[in-house]
Amino acid sequence: MDFNFIREYVPYFIAAAVLTIRIASIGISISILFGLLCSIIRYFRIPILHRLIDIYIELSRNTPLLIQLFFLYFGLPKLGIVLSSETCAITGLVFLGGSYMAEAFRSGLEAIGNSQIEAGLSLGLTKSQVIRFIVLPQAISISIPAFSANVIFLIKETSVFSAVALIDLMNVAKDLIGLYYKTDETLFMLVSSYLIILLPLSIAFTLIERRLRHAGYGN
Amino acid sequence: MEELSEMKTPGETLVEIKNLNKKFDDTSVLKDISLDIHQGEVVVLLGPSGCGKSTLLRCINGLEKIQGGEIILEGEKLNEQTKRMHLIRQKIGMVFQSYDLFPHMTVLENIILGPRKAEKRAKKEVVKEAEELLQRVGLLDKKNAYPRQLSGGQKQRVAIVRALCMHPKIMLFDEVTAALDPEMVREVLDVMLKLAKDGMTMVIVTHEMQFAKAVADRIIFLDNGIIVEESDPQTFFTNPSTDRAKQFLNLFEFDAI
Ligand SMILES: Nc1ncnc2c1ncn2[C@@H]1O[C@H](COP(=O)(O)OP(=O)(O)O)[C@@H](O)[C@H]1O
Ligand SMILES: [Mg+2]
């Protein structure tokens, strides 16, 4: 193991990791909001929209992120729409993540009985107040395990961003291997970078889940 | 249970139900129901399981689309489509068999949610009122408990307080003691009796016949979606005029077997 090499190129990995984290946080945050919106539309069977979302979810879940990115990066320009690497990466992540988050929230929403909604309506709350104060808080806490699995999954998926020329961790690693043939050192740094990002998150989620289980909602 | 001795003089009409028809798909569940409920009156709905009691209450609260007739609360027509439905519902308190407290909120949070969010009342004032109401049903010490920490009877008393805190014009009770262990039934019925004495307008569905006799100003006997009999409790329980009501009452008479 060439530690001088590692010392010299660690800054590249740090820069790439920062980029990955930045894009992942933006993409995943939007995915969560978008997924939540989709799952609410499906749950309340809002006309027309819920059909469109069904189609979107099938499409999104049954195509790999790589293909989605290719479409955004190489396909759209042919239609006159040129997106930057970053925009492509974020859009791709949201397109993929939105459906996974929607499915995660769906299981939570379906666990909330209709009687909870009726109890809220009976108090004189509007439908949107019922969603905000009664349905969502319960649904989200039920969805936390599926939701955290998705966050980890989506971060791992970011490893295909190099396909749209984004200087992410994978891209740096590929370049270094191509230039210097320092495969061991490079892969070591690559794996360490992902571990440093994912491990704390994973531990945090486990703790949150444990707390929620102790809180033990439900009658 | 002591009976309410003084005869109430009927107040003005609060709810008017005119020729109400309700269907689920093609089955008629409520057939041409007409019924006026007066200010301060306690109406008890009786009838065999599946006769449409819950559906009638749910129609009054606008939880069901109706296929014919109309329901009028204080001169305003209920209509599922109306944008004012939530405002109309603020005048109607409903308590369900399954309590339906919000499990992610404490007792106090459950109670103040409606007044705070639907009516936008000031927190301090609402909390004060909620605490007074809790005190009245003997649950002030549970205000920071979560529903899962309460017994069934306690949950149901909280559910009643939650509805009361909205200052409803009328309270609807759908078999609120049916899911309770026998020793908890009384504590809930006592709260309802007290409410009746305080002059609350109520429509009650129950299978507690002694309670019905004690609390009712008027008994409505439903069978198969039709009002079969309508009379004061004394008459209904001692001298029902229809065979169906007699059969129904016999179900509760063990010594008659
Ligand atoms: N959501 C529904 N869909 C279809 N049928 C229903 C529904 N709710 C109630 N019913 C039917 O309507 C009838 C009256 O029900 P309900 O009002 O619950 O009776 P009760 O409260 O008197 O026992 C029953 O035959 C029941 O099966
Ligand atoms: Mg019923």
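Letters A, B, ... mirror the listed sequences (proteins, then strands); counts begin at 1. No hydrogens, no waters, no symmetry mates; every other heavy atom, side chains included, goes into these values.
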> For R162(B), is it the side chain, the backbone, both, or neither that has a heavy atom closer than 4.5 Å to a heavy atom of chain A?
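When you check distances to chain A, atoms from both the backbone and side chain of R162(B) fall under 4.5 Å.
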> How about K23(B): does its NZ atom have over 12 heavy atoms from other parts shown lying under 6.0 Å from it?
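Count not over threshold, so no.
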> Assess whether atom CZ of F74(A) is packed by more than 12 heavy atoms of other residues, nucleotides or ligands within 6.0 Å.
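Count over threshold, so yes.
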> Would you say K174(A) has more than 12 foreign heavy atoms packed within less than 6.0 Å of its NZ?
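Yes, enclosed.
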> In Å and rounded to the nearest 0.5 Å, what is the CG to CG distance from N114(A) to D100(B)?
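The CG atom of N114(A) sits 10.0 Å away from the CG atom of D100(B).
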> Which region of Q129(A), side chain (C-beta onward) or backbone (N, CA, C, O), has a non-hydrogen atom less than 4.5 Å from a non-hydrogen atom of chain B, or is it both or neither?
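It is the side chain, since no backbone atom gets that close.
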> Are the side chains of K117(B) and L125(A) in contact, using a 4.5 Å heavy-atom criterion?
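Counting from C-beta outward, L125(A) and K117(B) do come under 4.5 Å.
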> Considering only residues two or more places apart or on different chains, which pairs with a residue in residues 36-58 of chain A satisfy ring pair (Phe, Tyr, Trp, His ring centres under 6.0 Å)?
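Found F34(A)-Y56(A), Y56(A)-F95(A).
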> Taking atom CD1 of I81(A) as the centre, does the number of heavy atoms from other residues, nucleotides or ligands within less than 6.0 Å exceed 12?
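More than 12 heavy atoms, drawn from other residues, nucleotides or ligands, come within 6.0 Å of this atom.
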> Check the surroundings of atom NZ in K124(B): do more than 12 heavy atoms from other residues, nucleotides or ligands lie under 6.0 Å from it?
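No - once you tally the heavy atoms of other residues, nucleotides and ligands closer than 6.0 Å, there are 12 at most.
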> For R61(A), look at atom CZ and say whether over 12 heavy atoms of other residues, nucleotides or ligands are found less than 6.0 Å away.
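Counting other residues, nucleotides and ligands, CZ of R61(A) exceeds 12 neighbours.
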> Using atom types as modelled and distance alone, determine if a side-chain donor or acceptor of Q90(B) lies under 3.5 Å from a backbone N or O of S122(A).
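Checked: no pair found.
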> With sequence neighbours left out, what residues match E129(B) under salt bridge (Lys or Arg N to Asp or Glu O under 4.0 Å)?
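By the salt bridge (Lys or Arg N to Asp or Glu O under 4.0 Å) rule, E129(B) matches R121(B).
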> If we only count heavy atoms from C-beta on, is the M105(B) to P137(A) side-chain gap below 4.5 Å?
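Contact flag for M105(B)/P137(A) side chains = no.
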> Just verifying a value: how many Å separate H86(B) NE2 and L123(A) CG, rounded to the nearest 0.5 Å?
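The NE2 atom of H86(B) sits 13.0 Å away from the CG atom of L123(A).
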> Closest approach of A119(A) and F102(B), non-hydrogen atoms and distance?
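Here A119(A) and F102(B) meet closest at CB-CE2, 4.0 Å.
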> Would you give the length of the straight line joining atom CD of Q97(B) to atom OG of S115(A), rounded to the nearest 0.5 angstrom?
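Reported to 0.5 Å precision, the distance equals 11.0 Å.
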> Which heavy atom of A118(B) sits nearest a heavy atom of G124(A), and at what distance?
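The pair with the smallest heavy-atom distance is CB-O, 3.5 Å.
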> As an exercise, state the distance from CD of E118(A) to CZ of R89(B), rounded to the nearest 0.5 Å.
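So the CD of E118(A) and the CZ of R89(B) are separated by 8.5 Å.
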> Determine whether N61(B) and L121(A) make a side-chain contact, defined as any pair of heavy atoms from C-beta on separated by less than 4.5 Å.
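Side chain of N61(B) against side chain of L121(A), heavy atoms only: no contact under 4.5 Å found.
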